[in-house]
J.: 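I'd like to ask you about the structure that follows.
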Protein chains: 2
Amino acid sequence: MSRTDADFIAAGVTIVKERGFAQLTSRSLGDAMGIHSTAVYRHFPQWDLLVLAVTDAIFGESAARHLPEILAVADPRARVLTLMRIVRAEIDLNPELAANLVRMAGSPVSVATPHADAMAGLVVDALLEMGVPSDSVAIAYQALENFTMGGAALDYAGLPDHLSKRLGRRRMAGIPAFTQVAKSPDDIERINAQAFTLGADALLDACEKLAAAP
Amino acid sequence: MSRTDADFIAAGVTIVKERGFAQLTSRSLGDAMGIHSTAVYRHFPQWDLLVLAVTDAIFGESAARHLPEILAVADPRARVLTLMRIVRAEIDLNPELAANLVRMAGSPVSVATPHADAMAGLVVDALLEMGVPSDSVAIAYQALENFTMGGAALDYAGLPDHLSKRLGRRRMAGIPAFTQVAKSPDDIERINAQAFTLGADALLDACEKLAAAP
DNA sequence: ACCTGAACACCGTTCAAGT
DNA sequence: ACCTGAACACCGTTCAAGT
């Protein structure tokens, strides 16, 4: 029986979840599906298209898993924060996801990303509910996405041992304001969390100001 | 005559500037230097170490080029903004730089990044000058870096044609708040610029609040 | 110590051939 | 239409051999 595009994506998702993106290759996918590695090209003319489709699917699984939790948050500002945290948590589980999400943002329209688009739609709805003028929502959304993606990508780069690596790098830089405050991996983790909270609050404050403006 | 590590890095910088990171391979580097491709392993045990060293060197060239301009900005808040814009401009010239900067952040201490560290030092000095308490500087710095890196990485992903690709993706998402506002690549460019300004101002406001707090 | 050159284990990709 | 299997042009990397 013939395989569908969805079959290839599902097999790819399994490989990524179990072994990470680095192990998602045309050979490993073919092996996992019990077919030849080159069969994928019948469904995805370029390997990259499969990788980005898998990236979106992982996003979709995450959204489906957390949707009740998201919709349960009545306050729209708190709901945006919840969505930002969910993206962070997903990249924590899969740090290679960040680079693929960036590539997804720069991919042509031939790459469909329904799940990521739905996630963006939830944020946009919450911003409108906060009272952000409709002609400013795109700007506010972009600022939030930039901060969330950048923060997650940087905070989890080098996983595992990302915290002790960052600690070592801060020590090497020899900047007193860093070394006096960051003395253990736990300190780094706390700084990352506080930087996320500080930035998210500042950006959401700015969104509320847009809402209050005439 | 024997080559030094710096010779390899310099040759790598030239290749990246002329042809991009994708063309920086052990073979192309060997060809450019007139030696065998495997000679690099005598100086950099892993290829990645050379790539990250080249990334830092490009950062260093950028900093050296802009240093007078940076130091001429007397107001510390405006100076941070200038530094953020310089990082953005560099990633605009070389979008693949963003992914390498993220990997740099997660690399072990065996990868020295003196130029990026110096850049961070300038930001930290400006934050202290703004009056941010020394035990909050690391947090403030991290929030600014997250936003700057994320924004640059996302805004310039897919270069060239990144603006029309983003436009197409927004249309595909079918979110009215996006499609009503983004009707041409120029609109996308304007939204990106405004999102950067909005976010940077919001984050710098938060830094000033930290400075004003008791 | 530094570089060469052959070789290895991968990668995405193409294409004629099968069903 | 879908899949196979051999082949191609790459990659980083290893290692014995040269100087």
Side-chain angles (χ1 to χ4, degrees), chain A residues 1-16 18-57 94 96-97 99-100 102-104 106-108 110-111 158, chain B residues 1-16 18-57 94 96-97 99-100 102-104 106-108 110-111 158:
Chain A
M1 203 182 77
S2 288
R3 284 100 192 150
T4 65
D5 290 6
D7 292 332
F8 282 85
I9 294 171
V13 169
T14 303
I15 290 174
V16 169
E18 289 176 355
R19 294 184 274 157
F21 269 102
Q23 298 302 315
L24 177 62
T25 67
S26 52
R27 265 82 169 180
S28 73
L29 188 68
D31 286 351
M33 298 180 73
I35 58 175
H36 200 268
S37 67
T38 56
V40 68
Y41 289 94
R42 180 71 35 180
H43 295 83
F44 298 87
Q46 289 165 30
W47 176 249
D48 244 35
L49 301 180
L50 183 273
V51 174
L52 294 177
V54 167
T55 299
D56 184 67
N94 230 314
E96 298 147 302
L97 199 63
N100 286 316
V102 170
R103 287 176 44 235
M104 214 170 81
S107 62
S110 57
V111 179
Chain B
M1 200 183 77
S2 288
R3 285 101 192 149
T4 65
D5 290 6
D7 292 332
F8 282 85
I9 294 170
V13 169
T14 302
I15 291 174
V16 169
E18 288 176 356
R19 294 183 275 157
F21 270 102
Q23 297 303 315
L24 177 62
T25 69
S26 51
R27 265 84 168 180
S28 73
L29 187 69
D31 287 350
M33 299 179 73
I35 58 176
H36 199 267
S37 67
T38 57
V40 67
Y41 289 95
R42 180 73 35 183
H43 295 84
F44 297 88
Q46 289 165 28
W47 176 248
D48 244 35
L49 302 180
L50 182 276
V51 174
L52 294 178
V54 167
T55 301
D56 184 67
N94 230 314
E96 297 147 302
L97 200 62
N100 286 316
V102 170
R103 287 174 45 234
M104 214 169 82
S107 63
S110 56
V111 180

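Quick note on labels: first sequence line is chain A, next is B, and so on, each numbered from 1.
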J.: Report the distance from atom CG of L52(A) to atom P of dG12(C), rounded to the nearest whole Å.
T.: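 It works out to 13 Å between those atoms.
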J.: Measure the distance from CZ on F21(A) to P on dG12(C) and round it to the nearest whole Å.
T.: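 Those two atoms, CZ and P, are 13 Å apart.
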J.: What are the two closest non-hydrogen atoms of V40(A) and F8(A), and how far apart are they?
T.: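 Smallest interatomic distance, heavy atoms only, reads CA-CE2, 3.6 Å.
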J.: Write down the distance between CD1 (I35(A)) and C1' (dT4(D)), rounded to a whole number of angstrom.
T.: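 About 10 Å, once rounded to whole Å.
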J.: How close do L24(B) and L29(B) get, heavy atom to heavy atom, and via which atoms?
T.: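 For L24(B) versus L29(B), the nearest heavy atoms are CD1-CD1, 4.4 Å.
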J.: Without swapping roles, check the side chain of Q23(B) against the backbone of S28(B) for a donor-acceptor pair under 3.5 Å.
T.: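 Looks like no, no N/O pair under 3.5 Å.
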J.: Can you tell me how far apart CG (L97(B)) and CG (N100(B)) are? Round to the nearest 0.5 Å.
T.: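 Rounded to the nearest 0.5 Å, the CG-CG separation comes out at 6.5 Å.
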J.: Can you tell me the distance, in whole Å, between the CG atom of L29(A) and the P atom of dC11(C)?
T.: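 Distance, rounded to whole Å: 12 Å.
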J.: What distance do I35(A) atom CD1 and R3(A) atom CZ have between them, rounded to the nearest 0.5 Å?
T.: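 Here the rounded value is 5.0 Å.
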J.: Quick one: D7(A) CG to dA1(D) P, roughly how many Å, whole number?
T.: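 Whole-Å distance recorded here is 19 Å.
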J.: Each nucleotide N or O in nucleotides 5-10 of chain C that has a protein N or O under 3.5 Å away: list the pair and distance.
T.:
unit_1, atom_1, unit_2, atom_2, d
dG5(C), N7, H36(B), ND1, 3.2
dG5(C), N7, H36(B), NE2, 3.2
dG5(C), O6, T38(B), OG1, 3.0

J.: Which whole-number value in Å describes the distance from D31(B) CG to dG12(D) P?
T.: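 From D31(B) CG to dG12(D) P: 12 Å.
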J.: Kindly state each residue pair satisfying side chain to side chain donor-acceptor pair (under 3.5 Å) with at least one member in residues 34-44 of chain B, sequence neighbours excluded.
T.: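 Residue pairs passing side chain to side chain donor-acceptor pair (under 3.5 Å), neighbours aside: H36(B)-T38(B).
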J.: I need the I15(B) CD1 to T25(B) OG1 distance, nearest 0.5 Å.
T.: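 Nearest 0.5 Å value for the CD1-OG1 distance: 7.0 Å.
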J.: Could you list by number each residue of residues 40-49 of chain A showing a heavy-atom separation from DNA chain C of less than 4.0 Å, or answer none if no residue does?
T.: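 Only Y41(A), Q46(A), W47(A) qualify.
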J.: For S26(B) and G34(A), take the nucleotide of DNA chain D holding the closest heavy atom to each; which residue's nucleotide lies nearer the 5' end?
T.: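 The 5'-side residue here is G34(A).
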J.: For DNA chain C, please output the secondary structure as dot-bracket, reading 5' to 3'. Pairs are Watson-Crick or G-U wobble, both atom distances under 3.5 Å; mark crossing pairs with [ ], other-strand partners with |, unpaired with a dot.
T.: ||.|||||...|||||.||
J.: Nearest-Å distance, CG (D5(B)) to P (dA1(C))?
T.: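 My rounded result for the distance is 14 Å.
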J.: Just jot down the side chain to side chain donor-acceptor pair (under 3.5 Å) partners of S26(B), sequence neighbours excluded, or say none.
T.: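 Applying side chain to side chain donor-acceptor pair (under 3.5 Å) to S26(B) gives none.
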J.: Does G20(B) offer a backbone N or O that forms a donor-acceptor pair with the side chain of E96(B) under 3.5 Å?
T.: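 Absent.
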J.: Please table the atom pairs, donor to acceptor, closer than 3.5 Å between any side-chain atom in residues 47-57 of chain A and protein atoms at least two apart or in another chain.
T.:
unit_1, atom_1, unit_2, atom_2, d
D48(A), OD1, R103(A), NH2, 2.9
D48(A), OD2, R103(A), NH2, 2.5
T55(A), OG1, V51(A), O, 2.9
D56(A), OD1, H115(A), N, 3.3
D56(A), OD1, A116(A), N, 2.8
D56(A), OD2, H115(A), N, 3.2
D56(A), OD2, H115(A), ND1, 2.9

